[in-house]
Amino acid sequence: MLSYRHAFHAGNHADVLKHFVEMPLLHYLAQKDKPFWYIDTHAGAGCYELDKGYATQNAEYESGIARLWDRTDMPAALADYVALVMRAQDKLRLFELHPTDAEILRENFAGYGSRVLMQTADGFGALKALLPPPPRRALVLIDPPYEEKQDYQRVVQALNEGLLRFANGIYAVWYPQLQRDDARQLPEQLKHLSVKSWLHVALTVQAPGVDGFGMHGSGMFILNPPWVLHGVLQAVMPYLSRHLGRDTQAFYTLEYHEN
């Protein structure tokens with residue numbers, strides 16, 4: 001099933017949460033001179049124009065990133081969200097199964113040479129061959145479209161297998177908040193994985209739809225998070241909830257556990 005195109009949803013509230021949470025994770029890895037890998041199992045097209053094409057059809061970015069563009073009172077960590085530059089010694093490993101988006105992804109990263117490896121492949125299966133990465137330092141993002149019910153279980157399976165190969169890696173899972181059992185149960189399942197520590201952050205932007213359909217928020221679940229992440233999110237999540245919320249039911253969740 002290859003109908004999902006992220007371009008229709010680019011820049012929405014879920015993108016803001018996902019990309020913002022990744023920023024302190026990447027900053028943490030970049031603090032040392034040692035190289036690291038960034039692995040994205042479902043990379044989509046890699047980057048999107050919000051003023052033309054598919055992104056304008058639903059214009060979801062208008063209730064997401066566009067609400068932050070002109071603000072001058074953002075917490076420092078949120079302002080840094082737009083200022084990350086990849087270092088020359090670091091490498092990206094990107095996977096996308098949709099053939100059209102995979103080709104666009106390849107075009108977007110043309111010219112980066114061996115720093116960026118892009119494959120038209122199922123990221124769940126491809127992840128096994130990459131772990132552990134040679135530098136033994138990596139951020140692995142797992143964010144499937146969840147169009148298929150099996151994706152929820154495949155996330156858990158991929159993490160179990162990944163942790164066996166690369167126990168100390170940082171793994172970040174994005175998931176949608178939906179009114180279906182597998183979506184609600186996923187973060188609870190991830191809390192039982194064998195890791196030293198985990199962090200769960202979610203942003204609910206509105207009350208669930210009365211018809212039972214639609215995404216009312218999203219979450220990020222991080223395995224082996226850097227210790228600084230919790231403090232960053234404590235400072236920023238109230239701001240995001242206040243400015244990206246669509247009704248009085250908007251709120252955020254922030255949980256941290258260390259074994």
Side-chain angles (χ1 to χ4, degrees), residues 3-24 42 44 48-51 53-75 77-79 81-82 141-149 151-152 155 172-191 198-222 229-230 232-256:
S3 60
Y4 180 84
R5 302 290 302 280
H6 187 68
F8 289 101
H9 313 287
N12 66 4
H13 60 84
D15 262 5
V16 171
L17 178 66
K18 176 171 60 179
H19 296 150
F20 168 68
V21 170
E22 286 190 278
M23 296 296 290
H42 299 77
Y48 306 88
E49 294 182 284
L50 300 182
D51 60 350
Y54 295 131
T56 63
Q57 294 192 24
N58 297 328
E60 292 186 17
Y61 70 91
E62 291 181 352
S63 59
I65 189 63
R67 292 191 177 187
L68 305 177
W69 278 337
D70 297 325
R71 301 214 59 94
T72 59
D73 59 346
M74 289 187 291
L78 189 58
Y81 165 29
V82 294
L141 173 66
I142 301 177
D143 62 335
Y146 297 100
E147 282 189 305
E148 298 180 355
K149 185 177 181 178
D151 279 350
Y152 294 92
V155 166
V173 176
W174 176 86
Y175 71 91
Q177 289 185 333
L178 305 169
Q179 295 186 76
R180 47 185 299 177
D181 289 341
D182 37 18
R184 289 196 297 264
Q185 292 169 1
L186 181 60
E188 297 305 315
Q189 290 178 302
L190 298 181
K191 292 177 182 179
W198 55 257
L199 184 148
H200 174 221
V201 59
L203 177 62
T204 302
V205 297
Q206 62 188 32
V210 294
D211 58 1
F213 296 99
M215 183 173 70
H216 52 274
S218 67
M220 290 286 283
F221 200 99
I222 297 90
L229 181 60
H230 186 263
V232 171
L233 293 173
Q234 279 184 315
V236 171
M237 291 309 298
Y239 186 95
L240 285 182
S241 179
R242 186 163 61 251
H243 291 289
L244 298 188
R246 299 177 180 175
D247 59 29
T248 58
Q249 301 302 305
F251 68 97
Y252 72 92
T253 299
L254 181 57
E255 305 173 282
Y256 176 77

Where Leu178 and Tyr152 come nearest, the two heavy atoms and their spacing: CD1-OH, 3.6 Å
Looking only at atom types and distance, does a side-chain atom of Arg67 sit under 3.5 Å from a main-chain N or O of His243, one as donor and one as acceptor? yes
Taking all heavy atoms of Trp198 and all of Tyr256, pick out the closest pair and write down the distance. O-CD1, 3.4 Å
So, applying side chain to side chain contact (heavy atoms under 4.5 Å, CB included) with Leu233, which one of Ile222, Leu240, Leu254 is it? Leu254
Gap between atom CG of Leu190 and atom OH of Tyr175 - 0.5 Å precision: 9.0 Å
Min side-chain heavy-atom separation Phe20-Leu78 under 4.5 Å: yes
Could you check if a side-chain atom of Tyr146 sits within less than 4.5 angstrom of a side-chain atom of Arg180, using non-hydrogen atoms only? no
Could you go step by step and tell me if Gln206 and His216 meet the side chain to side chain contact (heavy atoms under 4.5 Å, CB included) rule? CA-CA 5 Å; Gln206 62 188 32; His216 52 274; 4.0 Å; yes
Can you find a pair of side-chain heavy atoms, one from Arg184 and one from Asp181, that are under 4.5 Å apart? yes
Measuring only between side-chain heavy atoms, which start at C-beta, is Leu203 closer than 4.5 Å to Met237? yes
Would you sort out whether Asp73 and Tyr239 count as a side chain to side chain donor-acceptor pair (under 3.5 Å), showing the intermediate values? CA-CA 10 Å; Asp73 59 346; Tyr239 186 95; 2.6 Å; yes
Do Met215 and Asn12 have side chains that get closer than 4.5 Å, going by heavy atoms? yes
Flag yes if more than 12 heavy atoms outside Lys191 fall under 6.0 Å of its NZ atom; otherwise flag no. yes
